[in-house]
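Written out below as structure tokens is the structure these notes cover.
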Amino acid sequence: VHGNEPSHHVIYFYPQVGRPERAAERIREVFDTQYHVGPEGLCGNDDCGQMSAWYVFSAMGFYPFDPCGGEYVIGAPQVPRATLRLADGKTFTVTAKGLSKENKYVKSVTLNGRPVTDWKIRHADIVKGGELVFEMAAVLSPTNARVVQDAPGYNAWPMIQAFGTNLVCVYSRDSRLPADGHYIDPGSRDSYARVSADGGRTWSAERVVAADPVVGEVNEGIGLDSTGAVLAWVRCWGAPERRRHELYRSADGLSFVKVAVPRLDPMPMQITDPVSVPSLGLVSPWFAGAYAGDGNSWGILVSRDDGRTWEQRTVEKGLPVKDWVTEPSLVSLGGGRLLVVGRCEQGLGPQFLVTSADGGRTWKKARTNIADVHESTPSLVCDAQTGLVANYYYQRGARLLKRRVARAADVFDNPAGWPEPEVLAEGFEPRNYDAGNVNVTRLTGKADVCAWYTGTPSNAAVVVTSASIPLRAHPSEIRLDAH
């Protein structure tokens with residue numbers, strides 16, 4: 001709609017309804033697609049210079065949404081610096097720090113050193129002279145979330161675990177600012193960890209977990225051994241002969257020691273969170289195959305010695321993609337009952353629910369009623385006292401972190417019995433796959449803490465969202481703990 005004067009203000013509705021990032025995206029799109037050098041460089045008739053005026057105002061980062069109101073709505077600057085020369089020798093300077101092709105979002109704005117929080121400046125402020133400073137970023141902070149790591153690069157696939165009163169978050173980063181960080185490139189993606197002692201509000205300095213230069217490392221599962229030490233699975237991906245899964249142990253969440261590199265056949269695509277199951281030991285689900293092919297399988301790994309050795313068990317094999325349980329999350333309900341929720345690839349259906357009533361010897365699989373997902377990983381936490389199981393997941397495309405809470409007894413034999421979801425937080429990724437894969441842990445007596453990521457194909461941030469521990473299954477009765 002930009003090609004005609006009456007619609008020039010439309011983009012500037014976004015900041016006034018709390019969505020300034022949408023304005024930044026649309027302004028950049030208009031600059032890139034509708035203004036060019038040459039005879040056809042304007043996208044409409046420049047009546048009285050209106051097309052050009054929009055360009056100049058928007059390039060500086062603000063626009064007279066109401067020409068008679070004496071105010072300008074903040075947008076997103078498209079030039080690094082602009083100076084207006086005013087009467088009496090005064091100047092008004094606009095500076096866009098860090099502006100680049102990637103850094104199109106406004107992280108913060110100050111006018112003469114004072115924060116601008118209402119996305120408006122007055123004409124009177126401009127004519128007095130001064131400086132308007134924008135801090136630009138490629139990645140914004142999502143709603144209701146705190147940043148664990150937003151260093152330049154593709155920070156993604158976080159796993160989080162409570163140990164004692166602390167949290168440890170492990171994640172990977174491709175530091176090259178890749179064109180598509182969703183793919184694992186050997187040598188440029190490594191695994192890192194940070195610890196929080198205050199429920200995820202602040203985090204320690206980053207420590208390396210794994211950094212083999214001939215593979216790319218991605219965190220895939222996390223849990224505790226029988227002593228309370230942290231166990232973290234790392235997928236090492238590269239040439240076929242170098243592919244492997246490594247298990248690391250840490251007593252403090254910062255210093256990690258490799259304890260196992262199991263020989264597995266079939267070679268899993270991923271191994272997920274290890275869970276303590278009475279009579280079995282540690283159990284980690286796995287899945288193997290090809291995202292676009294048949295012959296896929298999934299199952300569990302079992303360890304009776306705190307992760308040093310593992311027995312691989314297959315639950316299903318020879319599956320087409322539509323029937324393949326991927327990225328499964330497992331909880332133990334006691335009495336030999338195991339409950340697994342897994343995702344379905346390629347958007348081919350709702351989440352799966354798989355149960356075992358005999359300690360994993362036999363299994364039953366069915367579809368759930370959870371269809372508001374798009375190839376995003378579920379993560380479960382179960383409360384033995386209340387009998388509630390919470391299913392956390394990210395709805396890719398809608399940019400929403402959600403959870404559904406049910407009584408485990410209600411869904412064990414009724415996979416379509418999950419209540420309606422709650423929305424916990426919102427991401428901002430332009431592309432579906434640059435977000436999601438939530439992983440949850442429970443800080444006993446405090447909160448459920450979710451780690452997830454959101455960003456662009458080159459830059460993404462790992463963040464955490466806290467939610468109060470559910471006491472009831474009905475979503476309207478569950479209070480969120482916003483941080």
Side-chain angles (χ1 to χ4, degrees), residues 141-151 155-173 190-210 218-234 247-257 272-276 282 284 307 329 331 377-383 390-394 401 403 424-425 427 436-454 460-470 480-483:
S141 295
T143 62
N144 195 32
R146 291 181 179 271
V147 173
V148 178
Q149 181 57 278
D150 61 356
N155 300 278
W157 298 300
M159 303 288 152
I160 193 164
Q161 179 63 51
F163 65 110
T165 59
N166 294 337
L167 294 168
V168 57
C169 184
V170 294
Y171 52 91
S172 73
R173 180 171 64 255
D190 299 319
S191 171
Y192 303 92
R194 280 184 156 178
V195 167
S196 175
D198 56 10
R201 293 175 177 83
T202 61
W203 294 85
S204 68
E206 183 176 84
R207 300 286 289 270
V208 174
V209 177
V218 174
N219 298 95
E220 53 185 347
I222 197 167
L224 300 175
D225 69 11
S226 64
T227 71
V230 175
L231 295 176
W233 284 109
V234 175
L247 184 67
Y248 288 81
R249 183 181 186 275
S250 175
D252 60 5
L254 293 172
S255 300
F256 286 82
V257 176
T272 60
D273 293 347
V275 176
S276 178
L282 286 175
S284 272
S329 180
V331 290
T377 304
S379 188
L380 305 178
V381 60
C382 186
D383 191 317
N391 181 358
Y392 292 82
Y393 58 95
Y394 191 85
L401 173 65
R403 77 170 170 187
L424 305 181
N437 287 39
V438 61
N439 188 259
V440 67
T441 191
R442 177 160 293 173
L443 268 173
T444 303
K446 294 184 178 181
D448 285 351
V449 185
C450 303
W452 51 293
Y453 72 100
T454 180
V462 168
V463 298
V464 292
T465 294
S466 294
S468 61
I469 296 173
L480 299 187
D481 180 17
H483 285 310

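All residue numbers refer to positions in the sequence shown, counting from 1.
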Please evaluate residues Asp448 and Arg403 with respect to the criterion side chain to side chain contact (heavy atoms under 4.5 Å, CB included), reporting the C-alpha separation (whole Å), side-chain torsions for both, the decisive distance (0.1 Å), and the verdict.
CA-CA 11 Å; Asp448 285 351; Arg403 77 170 170 187; 4.0 Å; yes
Which residue in the set [options] passes side-chain contact (heavy atoms from CB on, under 4.5 Å) when paired with [X]?
{"X": "Met159", "options": "Asn219, Asn437, Val230", "answer": "Asn219"}
{"X": "Phe256", "options": "Val170, Val234, Leu247", "answer": "Val170"}
{"X": "Tyr392", "options": "Thr465, Asn439, Leu424", "answer": "Leu424"}

Any chance you could measure [X], atom [atom1], to [Y], atom [atom2], to the nearest 0.5 Å?
{"X": "Leu167", "Y": "Thr441", "atom1": "CG", "atom2": "OG1", "answer": "7.0 Å"}
{"X": "Leu282", "Y": "Leu231", "atom1": "CG", "atom2": "CG", "answer": "6.5 Å"}
{"X": "Thr165", "Y": "Asp198", "atom1": "OG1", "atom2": "CG", "answer": "10.5 Å"}
{"X": "Gln161", "Y": "Cys169", "atom1": "CD", "atom2": "SG", "answer": "11.0 Å"}
{"X": "Asp190", "Y": "Ser172", "atom1": "CG", "atom2": "OG", "answer": "9.0 Å"}
{"X": "Leu224", "Y": "Asp273", "atom1": "CG", "atom2": "CG", "answer": "10.0 Å"}

Using atom types as modelled and distance alone, determine if a side-chain donor or acceptor of Ser250 lies under 3.5 Å from a backbone N or O of Ser255.
yes
Donor-acceptor pair, Ser379 side chain versus Val440 backbone, under 3.5 Å?
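Yes; judged by distance alone, with no hydrogens or angles, the pair exists.
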Determine the minimum heavy-atom distance between [X] and [Y], stating which atoms define it.
{"X": "Tyr171", "Y": "Ala156", "result": "CB-O, 3.7 Å"}
{"X": "Pro274", "Y": "Gly221", "result": "CD-C, 4.2 Å"}
{"X": "Gly445", "Y": "Ile469", "result": "N-CD1, 3.8 Å"}
{"X": "Val168", "Y": "Gly253", "result": "CG2-O, 3.3 Å"}
{"X": "Pro378", "Y": "Asn391", "result": "CB-OD1, 3.6 Å"}
{"X": "Ala251", "Y": "Phe163", "result": "O-CE1, 4.0 Å"}

Show your working on side chain to side chain contact (heavy atoms under 4.5 Å, CB included) between Asp252 and Val195 and close with a plain yes or no.
CA-CA 8 Å; Asp252 60 5; Val195 167; over 6 Å; no
May I have the step-by-step check of side chain to side chain contact (heavy atoms under 4.5 Å, CB included) for Ser204 and Leu254, ending in yes or no?
CA-CA 9 Å; Ser204 68; Leu254 293 172; 3.6 Å; yes
Criterion side chain to side chain contact (heavy atoms under 4.5 Å, CB included) on Val462 and Arg194, from CA distance to verdict:
CA-CA 11 Å; Val462 168; Arg194 280 184 156 178; over 6 Å; no
Between Ser196 and Arg146, a side-chain donor and acceptor under 3.5 Å
no
